[in-house]
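Accompanying notes for the structure given below.
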Amino acid sequence: MELNARIYVAGHRGLAGSALLRRLAGEGYRNLLTRTHAELELTDQAAVRKFFEQEKPAYVFVAAAKVGGILANNSYPAEFVQSNLSVQTHVMHEAWRNGVGRLLFLGSSCIYPRDCPQPIKEEYLLTGPLEFTNRAYAVAKIAGVEMCRSYNVQYGTRYLAAMPTNLYGPNDTYDLEGAHVLPALIRKMHEAKTGGLDRVVIWGTGSPRREFLYSDDMADACVMMMSLPDDAFGKILEGPGGLPLINVGCGEDQSIADLARAVASVVGFRGALEFDTSKPDGTPRKLLDVGRLRKLGWSPRIDLKTGIAAAYTDFLAREGGFSELRGALSGAKA
Ligand SMILES: NC(=O)c1ccc[n+]([C@@H]2O[C@H](COP(=O)([O-])OP(=O)(O)OC[C@H]3O[C@@H](n4cnc5c(N)ncnc54)[C@H](OP(=O)(O)O)[C@@H]3O)[C@@H](O)[C@H]2O)c1
């Protein structure tokens, strides 16, 4: 990617998109195209067509998606499948129509079968049943991977599907309805600490194992891949089974119970951790095999404890902002 190339980051205000934008800006890319959700509704095909025809990006990162934790996925499966299918279809189709050089589509590790061998290799895609609680989301993302493959085969596009593990970092979602496990733990521990509570209840048994990657590390890996010379980029597109698919993770996991203890230690919550075993655990283990990414010479830089501390700082800054806003609004009403 040339430094003056027109690069569109879809979903630039989200956790993944904002990390991509920071990374690209930090590397000196100066023609970054962004639209907020309010400015461009990506489920609106005509609006997406108009945007691509007007702006003609050369590169596209697809980080816009309807995303959520177990509760949101379980409660709103129709919205998850409809919204994600339509966002990715419109962006990828218009990218092809408008001659985009390279596109990176962000999926998620939940595309892999629930009980596949660990660590999860790219070739395990479509080899078994999916985890039920987020099946609608996963099927939409699998369709996105297949779109990348199909457009590359039929139209000669250069679309890459990157599957990050669980991400966390600045601009994460902290409301308990929509949050993933790590930001949800940050909020719960913080509220327990400031509210003087002596215990925090955590969904499930605490035994499932999960991998976490700081969003800036994910962005570093994705920008590195999109900047590779043509030959090297082409090799990533020829993944296992002809899929242009690559896992993005740190290669290490821990139990939810250990994660909760790490968050408690960073937040400074000293009460008890209670596990509500009546709630679902989700997939027992999810660790990505990152051999393909490692072969490109990439490894993460931010360890879990440092990352949680940075995420907690971001949470506090945003909470502070929200409280000030709440204060101002209540003052205005009075
Ligand atoms: N978070 C993770 O742990 C994780 C892990 C692996 C992969 N990923 C992947 O990374 C991608 C982004 O996830 P994220 O965690 O960054 O999500 P996020 O924080 O919720 O950000 C998504 C962004 O997309 C925008 N968006 C959603 N629907 C849109 C629409 N119809 N039109 C225009 N903009 C829309 C959202 O805007 P609004 O907020 O205004 O709706 C938001 O800015 C997803 O594909 C996800 O699968 C995430």
Side-chain angles (χ1 to χ4, degrees), residues 8-23 33-48 51 60-70 72-73 76 79-92 94 103-112 120 134 136-145 147-148 160-175 177-186 210-219 221-222 245-250 259 282-283 286 288 290 307 311 314 318:
Y8 172 43
V9 181
H12 72 287
R13 280 187 167 175
L15 170 65
S18 63
L20 287 164
L21 204 69
R22 273 197 300 283
R23 180 74 201 168
L33 302 172
T34 58
R35 292 291 185 278
T36 63
H37 193 162
E39 289 165 345
L40 177 59
E41 173 52 69
L42 294 169
T43 59
D44 177 345
Q45 188 195 5
V48 178
F51 168 76
V60 173
F61 290 83
V62 189
K66 183 166 178 60
V67 177
I70 292 184
N73 270 280
Y76 313 111
E79 287 177 37
F80 275 85
V81 72
Q82 185 275 336
S83 174
N84 286 305
L85 280 174
S86 95
V87 165
Q88 68 206 33
T89 300
H90 298 157
V91 173
M92 284 198 220
E94 292 311 317
L103 175 148
L104 185 141
F105 167 66
L106 280 180
S108 150
S109 55
C110 70
I111 61 164
Y112 294 111
I120 305 169
N134 55 18
Y137 179 75
V139 166
K141 289 292 176 183
I142 293 170
V145 176
M147 274 191 81
C148 290
L160 176 64
M163 296 304 121
T165 188
N166 299 294
L167 301 174
Y168 68 104
N171 298 316
D172 212 338
T173 300
Y174 292 99
D175 74 277
E177 266 246 329
H180 286 112
V181 57
L182 202 156
L185 285 172
I186 289 181
R210 292 288 183 274
E211 177 188 11
F212 295 92
L213 186 69
Y214 195 70
S215 57
D216 286 358
D217 272 337
M218 176 281 306
C222 290
L245 177 62
I246 187 159
N247 290 339
V248 178
C250 64
L259 175 74
T283 308
K286 244 171 41 174
L288 292 177
V290 286
D314 174 65
R318 295 171 68 202

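Start at 1 and go down the list; that is how both ligands and their atoms are numbered. Numbers here are sequence positions counted from 1.
Of the polar atoms of H37, at least one N or O is found under 3.5 Å from an N or O of ligand 1, judged by distance alone. In terms of polar-atom proximity, defined here as any N/O pair under 3.5 Å, V87 makes no such contact with ligand 1. Inclusion of V62 in the set of residues having an N or O under 3.5 Å from an N or O of ligand 1 is not warranted. Between Y137 and ligand 1, at least one N/O pair is under 3.5 Å apart. Considering backbone and side-chain atoms alike, P164 places every N or O at 3.5 Å or more from each N or O of ligand 1. For ligand 1, the polar-atom distance check against G17 finds no nitrogen or oxygen pair separated by under 3.5 Å. In terms of N/O distances under 3.5 Å, ligand 1 is approached by K141. Here's the thing with T165: none of its N/O atoms is less than 3.5 angstrom from an N/O atom of ligand 1.
Taking only non-hydrogen atoms, the option from A65, G14, G68 nearest to atom 44 (C) of ligand 1 is A65.
Regarding atom 32 (N) of ligand 1, its nearest protein heavy-atom neighbour is L42 N, 3.0 Å. From the protein, the heavy atom lying nearest to atom 12 (C) of ligand 1 is A63 O, 3.1 Å. The shortest contact between atom 9 (C) of ligand 1 and any protein heavy atom is with G107 O, 3.3 Å. The protein heavy-atom contact nearest to atom 31 (N) of ligand 1 is E41 OE2, 2.7 Å. Closest protein heavy atom to atom 19 (O) of ligand 1: L15 N, 2.9 Å. Counting only heavy atoms of the protein, atom 16 (O) of ligand 1 lies nearest to A16 N, 2.7 Å. With hydrogens left out, the protein atom closest to atom 3 (O) of ligand 1 is L167 N, 2.8 Å, a heavy atom.
Ring planes of F51 and Y8: tilted class, angle from 30 to 60°.
Enclosure of atom CZ in R22 by more than 12 non-hydrogen atoms of other residues, nucleotides or ligands within 6.0 angstrom is indicated.
K286 has its side chain within reach of I120: a pair of non-hydrogen atoms, C-beta onward, lies under 4.5 Å apart. Looking only at side-chain heavy atoms (C-beta outward), S83 and Y137 stay at 4.5 Å or farther from each other.
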(request) Evaluate side-chain contact (heavy atoms from CB on, under 4.5 Å) for V60 paired with V91, printing each intermediate quantity in order. (result) CA-CA 9 Å; V60 173; V91 173; 4.0 Å; yes
(request) Verify side-chain contact (heavy atoms from CB on, under 4.5 Å) between D172 and I186, making sure each step is shown before the conclusion. (result) CA-CA 11 Å; D172 212 338; I186 289 181; over 6 Å; no
(message) Go through it in stages, so that I can follow the logic: the residues are R210 and L259, the test is side-chain contact (heavy atoms from CB on, under 4.5 Å), and I'd like the CA-CA distance, side-chain angles, deciding distance and then a yes or no.
(response) CA-CA 9 Å; R210 292 288 183 274; L259 175 74; over 6 Å; no
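At least one donor-acceptor pair under 3.5 Å links the side chain of E211 to the backbone N or O of L288. Formation of a donor-acceptor pair under 3.5 Å by the N73 side chain with backbone atoms of G68 is found in this model. Here the side chain of N84 pairs a donor or acceptor atom with the backbone of K66 at under 3.5 angstrom. No side-chain donor-acceptor contact under 3.5 Å links R35 to the backbone of L42. Not one N or O on the side chain of Q88 forms a donor-acceptor pair closer than 3.5 Å with the backbone of V62.
Proximity to H180 (heavy-atom distance under 4.0 Å) selects the following atoms of ligand 1: 1 (N), 2 (C), 3 (O). Short contacts between ligand 1 and A64, defined as distances under 4.0 Å to a heavy atom of the residue, involve ligand atoms 24 (O). Below 4.0 Å from some heavy atom of L40 lie the following atoms of ligand 1, by number and element: 32 (N), 33 (C). Of all atoms in ligand 1, listed by their number and element, those nearer than 4.0 Å to a heavy atom of N166 are 3 (O).
Rounding to the nearest 0.5 Å places OH of Y168 at 12.5 Å from CG of D314.
With a 4.0 Å heavy-atom cut-off, ligand 1 is reached by the side chain of V67 but not by its N, CA, C or O.
Protein heavy atoms are found inside the 4.0 Å sphere centred on atom 47 (O) of ligand 1.
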